[in-house]
Amino acid sequence: MQAFRKFLPMFDRVLVERLAAETVTKGGIMIPEKSQAKVLHATVMAVGPGSTTKEGKVTPVCVKVGDKVLLPEYGGTKVVLDDKDYFLFRDGDILGKYVE
């Protein structure tokens, strides 16, 4: 069973897995780890049910599992599940969603 299937984010939180950083340029030059750009693209792995309004209605999350999203440069909470790094963001912190 995959780690993110054992973990359900609360409220409007979204669990994402960042895509791997580029380690080689198009010309074949290896990029040192310290020089690699921070990856802002991620895949949604799990979503919470949504936030609750003052009236008690649930506002659903804007993304779904499998969506490719654009993240802010800073923020998110690192979560380690089965020795893999994932990040938790609020739905409103996600900058955008890539459309196929």
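For the single chain, residues carry numbers from 1 onward in sequence order.
When all heavy atoms are compared, the tightest approach of Val16 to Ala42 is CB-CB, 3.8 Å. Here the closest heavy-atom approach between residue Gly75 and residue Arg18 is recorded as O-NH2, 4.2 Å. Looking at every heavy atom in both residues, Pro72 comes nearest to Asp93 through CD-O, 3.3 Å. Between Asp91 and Pro60, the shortest heavy-atom distance links the atoms OD2-O, 4.4 Å.
Between Thr52 and Lys57 there is no side-chain heavy-atom pair separated by less than 4.5 Å. Counting only heavy atoms from C-beta outward, the side chains of Leu95 and Leu40 never approach each other to under 4.5 Å.
Separation of atoms CG (Leu19) and CG (Leu71) is listed at 9.0 Å; rounding is to 0.5 Å. For the atom pair CD of Glu17 and CG of Leu81, the computed distance is 10.5 Å after rounding to the nearest 0.5 Å.
Put simply, Val44 and Tyr86 are part of two different groups of oily side chains (I, L, V, M, F, W, Y) that touch within less than 4.5 Å, one to the next. In the hydrophobic clustering of ILVMFWY residues, with side-chain heavy atoms under 4.5 Å counting as a link, Ile94 and Met45 come out apart.
Legend: salt bridge (charged side-chain N to carboxylate O under 4.0 Å, His left out) pairs involving residues 7-16, not counting sequence neighbours, sorted by first then second residue: Asp12-Arg90.
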Indicate every side-chain donor-acceptor pair of residues 62-69 with a distance under 3.5 Å to a residue at least two apart or in another chain.
residue : atom : partner : partner atom : Å
Lys64   : NZ   : Asp67   : OD1          : 3.4
Asp67   : OD2  : Lys64   : N            : 2.9
Lys68   : NZ   : Thr43   : OG1          : 3.2

